[in-house]
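Here is how names work: the chains are called A, B, and so on, in the same order as the sequence lines, proteins then strands, and each is numbered from 1. Excluded from the calculations below are hydrogen atoms, water molecules and symmetry mates; all remaining heavy atoms, backbone and side chain alike, are included. Everything numeric in this text was worked out from a predicted model, so none of it was measured.
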Amino acid sequence: MKQIIAIIKPFKLDDVREALSNIGVQGITVTEVRGFGRQKGHTELYRGAEYVVDFLPKIKLEIVVNDNMLEQVTEAIIETANSGKIGDGKIFISNIENVIRIRTGETGPEAV
Amino acid sequence: MKQIIAIIKPFKLDDVREALSNIGVQGITVTEVRGFGRQKGHTELYRGAEYVVDFLPKIKLEIVVNDNMLEQVTEAIIETANSGKIGDGKIFISNIENVIRIRTGETGPEAV
Amino acid sequence: MKQIIAIIKPFKLDDVREALSNIGVQGITVTEVRGFGRQKGHTELYRGAEYVVDFLPKIKLEIVVNDNMLEQVTEAIIETANSGKIGDGKIFISNIENVIRIRTGETGPEAV
Amino acid sequence: MKLKTSLYAFILALMPSIAAAEEAAKLDSGDTAWMITACALVLFMTIPGLSLFYAGMARSKNVLSIMMQCLTITGIATILWVIGVYSIAFGNGGDLNSVWGGLSDMFMGSLTAKDANNALPLVGTIPRSVHAMFQLTFAIITPALIIGAFAERMKFGAIVAFVSAWLVLVYGPVCHWVWAEGGFLYSDGVIDFAGGTVVHINAGIAGLIACIMVGKRKGFPTTKMPPHSLVLTCIGTGMLWVGWFGFNAGSALTAGHGAGMAMFTTQIAAATATITWVGIEWIFHKKPSALGAASGAIAGLVAITPACGNVGPMGALVIGFISAICCFLGATKLKQRFGYDDSLDAFGVHGIGGTVGAVLAGIFCAPALGGIGFGTGHEGIGSQLTAQIVGIVVTYAYSGVITFILLKIIDKVIGLRVSEEEETEGLDIAVHGEQGYNL
Amino acid sequence: MKLKTSLYAFILALMPSIAAAEEAAKLDSGDTAWMITACALVLFMTIPGLSLFYAGMARSKNVLSIMMQCLTITGIATILWVIGVYSIAFGNGGDLNSVWGGLSDMFMGSLTAKDANNALPLVGTIPRSVHAMFQLTFAIITPALIIGAFAERMKFGAIVAFVSAWLVLVYGPVCHWVWAEGGFLYSDGVIDFAGGTVVHINAGIAGLIACIMVGKRKGFPTTKMPPHSLVLTCIGTGMLWVGWFGFNAGSALTAGHGAGMAMFTTQIAAATATITWVGIEWIFHKKPSALGAASGAIAGLVAITPACGNVGPMGALVIGFISAICCFLGATKLKQRFGYDDSLDAFGVHGIGGTVGAVLAGIFCAPALGGIGFGTGHEGIGSQLTAQIVGIVVTYAYSGVITFILLKIIDKVIGLRVSEEEETEGLDIAVHGEQGYNL
Amino acid sequence: MKLKTSLYAFILALMPSIAAAEEAAKLDSGDTAWMITACALVLFMTIPGLSLFYAGMARSKNVLSIMMQCLTITGIATILWVIGVYSIAFGNGGDLNSVWGGLSDMFMGSLTAKDANNALPLVGTIPRSVHAMFQLTFAIITPALIIGAFAERMKFGAIVAFVSAWLVLVYGPVCHWVWAEGGFLYSDGVIDFAGGTVVHINAGIAGLIACIMVGKRKGFPTTKMPPHSLVLTCIGTGMLWVGWFGFNAGSALTAGHGAGMAMFTTQIAAATATITWVGIEWIFHKKPSALGAASGAIAGLVAITPACGNVGPMGALVIGFISAICCFLGATKLKQRFGYDDSLDAFGVHGIGGTVGAVLAGIFCAPALGGIGFGTGHEGIGSQLTAQIVGIVVTYAYSGVITFILLKIIDKVIGLRVSEEEETEGLDIAVHGEQGYNL
Ligand SMILES: Nc1ncnc2c1ncn2[C@@H]1O[C@H](COP(=O)(O)OP(=O)(O)O)[C@@H](O)[C@H]1O
Ligand SMILES: Nc1ncnc2c1ncn2[C@@H]1O[C@H](COP(=O)(O)OP(=O)(O)O)[C@@H](O)[C@H]1O
Ligand SMILES: Nc1ncnc2c1ncn2[C@@H]1O[C@H](COP(=O)(O)OP(=O)(O)O)[C@@H](O)[C@H]1O
């Protein structure tokens, strides 16, 4: 099984979720994160005190899938999260050794 | 060493933390996340505009343990986080190559 | 490629980010988390009801780097995040199988 | 109305404007100006004052349920007031006038009924409409105070039913007993300048009974339920404090010395109680808290309410001091001791503070202690205190028993509590279909 | 000024204090006390009342843009008022007095011009400065209401330009027509006690035109845009409700029976509308909501505004009931039906509520229905209703057309909308360089 | 009290009601109605107004510390006022009356002491209790303003000690000098209608000295310390603006022309300063900000305070304009230039705005510039300006020096600052044991 971590722009969340639903992804975990990357942050100015905010709001998706779904899922994300502008984000893929469904105790691929 | 990621229901956090403490887990990192899964979200209605909130509040636990603790920890989580109802969450297990304690610079199992 | 997860104290964030920038790290993803560890939390008292808050605010950094950068990055973190006091946090290193840049579709090391 | 005979005579002596007004029953624009303002201030206490004070102490998943309940109660109380509660409280009940005002003034026809000179009716020197409105704002805040006791778990429908019935069966009559000429506690010379028994004890005991009957929140007291935003609570505290000037100084019904002194004693008691509560925390917990300061302020304000127009500055200081100690114990020890879940301390602060104030009003009204004199028919602290205690006990008993009966019936018919699942999810989403924060 | 002749005679009859004052044109300290307070209450409605009410419904990335706009409008309206809008509204326009007040009182020299007896000028029984200030607070809130329609996407510069021009070209004249002696709707005997046409219809239709011209928010209506903090909205609701007493009862300009009844009818209508809206949601959606309660309250307050001093308690109840139904439909169905993006329902609540109120004022002012009588020159519901509808139509047409022209011009010159990118990022950071929350 | 002799004569001439009252020393219910309301408004400025304004600019880990300090100061100031500060400020100090009011009216016996006719004492046409209460609200907000300077780092105990001593040793005397008959600045004809020197300069300079002595916050100025919730700051701004009508128009002590004009000039100056500050930001930073609008509003309100009853509308406009420029420089450049950490700009806005206002009051009071005339003993701008500058310098010097000495002593005895660790953790948890938000 694989873990797909995708960092995307917040306003793309609904599109991505829908696309993933459509191809049969059953579970996603979403976290609000702040990203530091090529895309530049903005400047805030409070009574003369200037703050450069390097970190931009991003959404992190964690999706664990069986190996056979991997490609389909990443493609779906790339398609929907892409706005062509800097800061669109990245996808990181790593290996997951085991998955357990807490409610039933099922393990492995069928627990995904 | 293994990384255990557990997605659980928020109101179970205290129970799980205590159970893990009891079996000697020394470190846990907790994140507030939103989960999309089999459990259905609710609908909000604001002046006639209906919003289906697919994402439910969940808690993500990240626990890095030495290999020998793996089973004990997952069992403790399954036991305490289980409410028997849909949406109880999942546990994902993956491999960790190294751990470093920032304060001391210790690495590997003893840093866990 | 490697994923470096670092749990640090919130007020160290700016220092660490700067240090990483300086050594050429191009991307960081930051999450506000709560940590449970050796460092003890505080007690809150509301009209006689006492709450022991075991969880302390921490910052989680996720940084994916090419293998050759690994050491440099961990060292930079250890140096800047270290305050010598309990609760300074930990670094977890694991393997990443693939990286994809959403905007361009690039994959592997060049996408990092 | 709050004019005890002796007090009345006293005020008359002080204020030529009133005295003159009484002769010719003339409208005084200054008194009216103040009383219209006082209406605004007292309504401000409930929305948004009290709703902030309470909502801040709730968990974020229930914040809107509190605000919604306060708004809804404002609506319900107003409508019921117009329909009949005003009549029950301030009408003339004929033979039964000592216990209720009857239904002869339903729909408030008396407000627009002109007299022989084709003039609209007055109460003292102000329009009857203003007096009716002022009293309405009290009828709004009293049930709103109760909701603090069963916050975070009661069915919205049950609250609506309970509050409606309670206003008719409890608030209206008790208000009549104490404040309407002919009411039996009024006749007894009970001192309750601005609502220690009618408002605070009345609401406090109803809250206590209700929170016991509705039961503890799931997880109480083991689960942590810290206030979700003491910032809101502090804002609410400021609003309540300021609005309380309308409550207390407004109860003088005129803009003169009586109102001035009532405002001043209110300020003194609130300040003293704030510092006392903070001091207690500082000494015993090492950490003086904002919630403590806020709680102290409210405790002092509650306790001075029955007494504000009848005691002097030093009496106010003592009342503030004692009320803070008692309410501190009420909100921290009593609740723990007996294990009921008065979530936001409706009883612990309002019930206890009101009781302390009603008792001390009977002591510090004594001229020897800087007060302005005893109630009708009383000539010493002993007899006045007896009257006060009768007033307190009667209110406890009546409000408590009727509350109990009402909730029993509602429980049978529609149930008092939301389901466990709804409680866990939070009332905002489960009951009202919305969320407090989408940050 | 809001003294319709018939109403005026009525008030004179009721209030000896005014009657006397008129004889000698004497300042009354009670009336003045109330009116100074009313000024504070009405300003409080805009800052912070309305800005909270609106800001809570916006998304968190735009929260400060709303608050900033309200503060800026307060500033602009004040300055323009002093320079010339006061003159346009309340000056004497000579030959053209039926349509505007002219520019003879620019810089408000009339405020400090003493009369033959070396006395400062009065309006009725209060200083002219207080009357000017009271009216200014209306000129502040009216454009502030409009911003709800195009929230979250309009350029700050365009808003500043639009509001400035609108105050001069629309608000000043319409105010003159309805409230200044000699204004053509005033002469027609149109009843608008506290601003149904001048304030709410005027702002509502301007908002509708503006939101259509500025266009929908990116993503509307498919993207979720839930209110970011209904807690703020509820706080704002309480403040608006309380402040509205200044608005409505203040429009009596004296502290007497008229003010008392206006306050009371205001309370009744607001309460009834709150409960009605909550009831509708409960029945049709199963979930009565805090936003519904808040929306109902505002709907009722808006609708009673033109009528508050002219109808009785039961009239107020009916007005509250009907307005809640109409505004509910306006905010939920109409908008969906026609697909415009009136973001915070400036038209849906204020336009519609104002219209409902203006019409019903013409009905429930009838003595047979508990009202206090018709406007000058009217002797039956039929003729009064005609006058009301003329007032409404004229305001819709004039405000709508001028708003359209102004926005066309501004669009050409500087553009109405921020860029897509700025809209996505949020106005707070993109336009104002700051963030609402750094928690 | 704020009745300069010349001003007084002027007011007497204007207001028959006062003139009459003076003859018979009669209570006026209208004046009293307004002044009770003014008390409520000014207290509202501190709780919750100022506490929101300040707390929003702090970081979220210190939000409750600010609110707690405001509540505690409200408590302390009230108690000390009753005990003796009132006497120092408004008592008769006999031989030393030019510098303090003595201790003969400790515990405020004078409030309840009846005169020969068995009447309670008045101040002008209002009860002495109302005047004492009104002045108390000023004694509350002044030290509360100071805390903005050393926010986020000072020990709670040190604040309590400092504020207590400062009220007795600085506020009481300075208030006496300027506002009590016989006070040496009063006798000098210094114009300070509502508290430019007594409140704003006094607090501003104390804040400046204090923030330098307490030292910079850890990390200042390199670490980012953005305001945690400008939403709170904007709410506070609205409340302060509205409450300021009580402050300024209340300082007329009657409800007449004087109060009306004071309210109007206050509005004009606040509006102009808002727009000016926003304009400066727009031109120089391209991004006009909500914090800028809020800061401008407060700057204008501060600057008009000493002048509001003595200048005309156009004078107010100029004062607003100039104060915004000066305070903008004070809050952005001066602080950076000299590197002190006046965290929330207590000096930058209140010190500087108060100074600007006190100076300009001496200019725009000139009848030729639309003002109402000079202070006692002055007949031209030159001599009036000299008096103003004397008033300013004396306040700077006295308040600065005593503040310095007090803090030195407190530093020795208990220390001024929390530990580094506590500062990092935040005062809310470290000192008060609670958290602002648990969302
Ligand atoms: N090496 C990395 N490790 C962790 N997160 C990264 C990394 N690179 C990028 N990110 C995340 O992806 C986001 C987008 O990256 P950015 O460089 O701004 O744009 P793009 O991906 O379009 O080149 C960043 O804000 C950050 O959250
Ligand atoms: N494949 C997955 N990848 C990532 N997160 C998942 C996955 N499946 C489930 N989750 C997380 O677990 C939570 C619970 O899953 P759900 O399907 O609702 O119930 P259950 O686990 O009881 O079947 C989800 O809300 C989501 O956060
Ligand atoms: N085994 C672990 N798994 C996950 N997170 C951990 C683990 N150990 C520590 N942490 C994280 O690191 C933080 C610091 O650890 P702590 O034990 O308090 O101090 P130190 O690392 O200095 O010994 C914790 O608050 C927690 O967030």
Quick one, [X] and [Y] - any side-chain contact, counting heavy atoms below 4.5 Å?
X        : Y        : answer
E:Thr112 : F:Met261 : yes
E:Ser129 : F:Met263 : no
F:Ile268 : E:Trp81  : no
F:His257 : E:Leu122 : yes

So which part of [X] gets closer than 4.5 Å to some heavy atom of chain F, the side chain, the backbone, both or neither?
X        : answer
E:Leu439 : both
E:Gln69  : neither
E:Ile76  : both
E:Ala40  : both
E:Met35  : neither
E:Val431 : backbone
E:Ile140 : side chain
E:Ala430 : backbone
E:Met133 : both
E:Leu41  : neither

Heavy-atom nearest pair, F:Cys234 first then E:Leu64, reads SG-CD2, 4.4 Å
Heavy atoms of F:Gly30 and E:Ala33 approach each other most closely as O-CB, 3.2 Å
Rounded to the nearest 0.5 Å, how far does [atom2] of [Y] lie from [atom1] of [X]?
X        : Y        : atom1 : atom2 : result
F:Trp34  : E:Ser29  : CH2   : OG    : 13.0 Å
F:Trp244 : E:Leu43  : CH2   : CG    : 13.5 Å
E:Leu71  : F:Ser295 : CG    : OG    : 10.0 Å
F:Lys287 : E:Asp428 : NZ    : CG    : 11.0 Å
F:Thr274 : E:Ile47  : OG1   : CD1   : 7.5 Å
E:Gln435 : F:His228 : CD    : NE2   : 13.0 Å

Is there a donor-acceptor pair closer than 3.5 Å between any side-chain N or O of [X] and the backbone N or O of [Y]?
X        : Y        : answer
E:Asn438 : F:Pro227 : yes
F:Gln267 : E:Thr78  : no
E:His432 : F:Pro288 : yes

Most contact-rich option vs chain F, by heavy-atom pairs under 4.5 angstrom, among E:Met67, E:Met108, E:Met239, is E:Met67
Among E:Ile79, E:Val160, E:Val130, the residue with the most heavy-atom pairs under 4.5 Å to chain F is E:Ile79
Where on [X] is there a heavy atom nearer than 4.5 Å to chain E: the side chain, the backbone, both, or neither?
X        : value
F:Ile235 : both
F:Phe264 : both
F:Val278 : side chain
F:Thr237 : side chain
F:Thr37  : side chain

Check your understanding: Aromatic rings E:Phe44 and F:Phe44: how do their planes relate, parallel, tilted or perpendicular, breaks at 30° and 60°?
Key -> perpendicular
* **Steps toward side chain to side chain contact (heavy atoms under 4.5 Å, CB included) verdict (F:Met314, E:Val82)** => CA-CA 9 Å; F:Met314 291 307 120; E:Val82 172; 3.4 Å; yes
